[in-house]
Amino acid sequence: MFDNLSDKLTGIFNRLSSKGRLTDKDIDEALSQVRRSLLEADVNYRVARDFVAKVKERSLGADVLQSLTPGQQVVKIVHEELTEILTGGDHRLTPSSQLPSVLMLVGLQGSGKTTTAAKLALQLRKQGHTSLLIAADLRRPAAISQLQTLGKQLDVEVYSEDPKTSTVVQVVKAGVARAKQLGTHWAIIDTGGRLHIDDELMGELEDVKSAVSPHETLLVVDSMTGQDAVNAAQEFHQRVSLTGLVMSKLDGDARGGAALSVTRVTGVPIKFVGMGERPDALEPFHPDRMASRILAMGDVLTLIEKAQENVDENQAKEMERKFRQATFDLDDFLQQIQAVKKMGSLSQIMEMIPGMGQMSKRMPTDFDDNQIKRVEAIIRSMTPYERHHPDLIKGSRRRRIAMGSGTSAQDINQLLNQFRQTQKMMRQFSKGRNPRGLMNMCK
Ligand SMILES: Nc1nc2c(ncn2[C@@H]2O[C@H](COP(=O)(O)OP(=O)(O)OP(=O)(O)O)[C@@H](O)[C@H]2O)c(=O)[nH]1
Ligand SMILES: [Mg+2]
């Protein structure tokens, strides 16, 4: 996410911080580089210009330049101003006082509406809220079955009607009535998209709005489409008055400009970001945390939340006990790897750890999700006894495990070395110091 921009900004600020005392000229130069980087990341030029002007005004004050750490003070100001441009009112969903709260998703074709509908149902369920999904895209033949498949996968009911005999307004009215009957907290409406904004689509969305008065109208914006996305957002907002934005596909190689400008340009807050195709790849949006990630400062709060969602607390406690007693075996190693995997891809996790953001880009490509799969396969091919006594794994045992897991003796040696290193680290922790392993962080 924001890889290029993040690299450039950290480069600029590292150079600035290494200078010690700063002059007006240093600040000027650094900020014109910042402006250029923002423009290259496709940030709206007015947003970039105002941002830099604001940072400059605050940085040139005597208390910054004469402080002991002027470079760091500038970074702090940049962080605050980045947070400011990403802030746009309430970033959480506001449910209605009566059930169901109606949420409508709108957006251009392929922006991610249907996927986001399913992701939202899952996200809301984690907060104890139930949902009904309403299939209101009657134009694309496969749209209804796409939503039904996702609903089945997540065990969420989908309301649909025969597109040949129903209108969109009929479907949403009956869908909301069904949600009321079921007593679900939310009714999530998936609407159809178009390649470009046209009157027909807007007319349809306006009809839906007046038929069921949604409490939330969220525009799903494809982050990869840059400034076009920002223009589309403005038009959607004028026609159907949005209450929030979902920036989808931020996991891809989006330059990030749309996400950084859209709130400033439209005044509409981002409420969620899509970080992948999987139903659990949706994160609530927090302007300050996003600013931290852009500046490669990590995002420990999101990491902890993900861990809390995915790691069982008792399991974490048990792991800590094993850390302390140094009885951590290959089964535990596998469990720990699996817990991490549930939280997302490794590079996404690394980005959230302060100081590791840059490292995630330098990681050898083999240290990726495929490698985790290989480790799983190897450990699963061992007998329980071998998992407790890895030192026995030599010669014929090693050959058998390699055959069973479709790997080589070399892969197995590599895994055993990694495991031994982890074990060594743990022995050090258990000698008095607090264990600071991953599982500890996950509690
Ligand atoms: N990598 C990534 N892919 C995504 C994300 N969100 C959606 N997609 C993918 O984008 C494609 C389009 O998603 P849909 O949810 O079908 O988009 P839509 O807006 O409903 O499309 P239409 O109904 O045709 O207008 C699918 O292949 C999704 O898997 C995301 O956050 N990250
Ligand atoms: Mg769709």
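In this text, all values refer to a predicted model and were calculated from it rather than measured experimentally.
Within a 6.0 Å sphere centred on CG of D90, heavy atoms belonging to other residues, nucleotides or ligands number more than 12. When the shell of 6.0 Å around CZ of R398 is examined, it contains more than 12 heavy atoms from other residues, nucleotides or ligands. By the 6.0 Å contact criterion, CD on Q127 is enclosed, its count of non-hydrogen atoms from other residues, nucleotides or ligands being greater than 12. Summarising the local packing, CZ of R46 is surrounded by 12 or fewer heavy atoms from other residues, nucleotides or ligands at distances under 6.0 Å. By the 6.0 Å contact criterion, NZ on K209 is enclosed, its count of non-hydrogen atoms from other residues, nucleotides or ligands being greater than 12. Residue R140 places its CZ atom among more than 12 non-hydrogen atoms of other residues, nucleotides or ligands, all under 6.0 Å distant.
The shortest heavy-atom contact between V262 and T266 is O-OG1, 2.6 Å. Across all non-hydrogen atoms, the minimal contact from V268 to T263 is O-OG1, 3.0 Å.
Every side-chain hydrogen bond (donor to acceptor under 3.5 Å, both in side chains) that S405 has, sequence neighbours left out, goes to T407. Listed by chain and residue number, nothing satisfies the salt bridge (Lys or Arg N to Asp or Glu O under 4.0 Å) test with E57 (two or more places apart in sequence, or in another chain).
Side-chain atoms of Q123 come within 3.5 Å of backbone N or O of L282 as a donor-acceptor pair. Side-chain atoms of T191 come within 3.5 Å of backbone atoms of L105 as a donor-acceptor pair (strictly under, hydrogens ignored). Under the 3.5 Å distance criterion, the side-chain polar atoms of S261 are left unmatched by any main-chain donor or acceptor of V43. Counting only distance, with no hydrogens or angles, the side chain of T10 and the backbone of S6 share a donor-acceptor pair below 3.5 Å.
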Intermediate values then yes/no, side chain to side chain contact (heavy atoms under 4.5 Å, CB included), K25 and E29: CA-CA 6 Å; K25 190 163 161 267; E29 267 172 25; 3.4 Å; yes

Verdict with reasoning, D280 to K119, per salt bridge (charged side-chain N to carboxylate O under 4.0 Å, His left out): CA-CA 6 Å; D280 61 354; K119 287 175 173 176; over 6 Å; no

CA sep, side-chain torsions, deciding dist, call: V34, V78, side chain to side chain contact (heavy atoms under 4.5 Å, CB included): CA-CA 10 Å; V34 168; V78 168; 5.7 Å; no

Criterion side chain to side chain contact (heavy atoms under 4.5 Å, CB included) on K8 and E40, from CA distance to verdict: CA-CA 10 Å; K8 286 197 186 129; E40 279 165 20; 2.6 Å; yes

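Taking the side chain as every heavy atom from C-beta outward, I401 and I378 approach each other to under 4.5 Å. Side-chain contact check for E216 versus K271: some heavy-atom pair is nearer than 4.5 Å. I12 is not listed as a side-chain neighbour of N14, based on a closest heavy-atom distance of 4.5 Å or more. With a 4.5 Å cut-off on side-chain heavy atoms, F51 and L38 count as touching. With contacts defined as side-chain heavy-atom distances shorter than 4.5 Å, the pair H91/F285 qualifies.
Paired with M290 under the rule side chain to side chain contact (heavy atoms under 4.5 Å, CB included), one option of V273, I270, L260, T83 passes, and it is V273. Among K54, R264, R58, the single residue meeting the salt bridge (Lys or Arg N to Asp or Glu O under 4.0 Å) criterion with E84 is R264. Test R289, R293, K126 against E283 for salt bridge (Lys or Arg N to Asp or Glu O under 4.0 Å) and you get one pass: R293.
Salt bridge D190/K113: absent, no basic N to carboxylate O contact under 4.0 Å. One finds no salt bridge joining R35 and D50 here, because no Lys/Arg side-chain nitrogen approaches an Asp/Glu carboxylate oxygen to under 4.0 Å. Remark: D222 engages K249 in a salt bridge, criterion side-chain N to carboxylate O under 4.0 Å. For the pair K76 and E81, the salt-bridge criterion is not met [side-chain N within less than 4.0 Å of a carboxylate O]. Salt-bridge formation is not detected for the pair R194/D199: no Lys NZ or Arg NE/NH1/NH2 atom is positioned less than 4.0 Å from an Asp or Glu carboxylate oxygen.
Side chains of H185 and S101: no donor on one and acceptor on the other come within 3.5 Å. Between T225 and D228, the side chains place no donor N or O within less than 3.5 Å of an acceptor N or O (distance only, hydrogens not considered).
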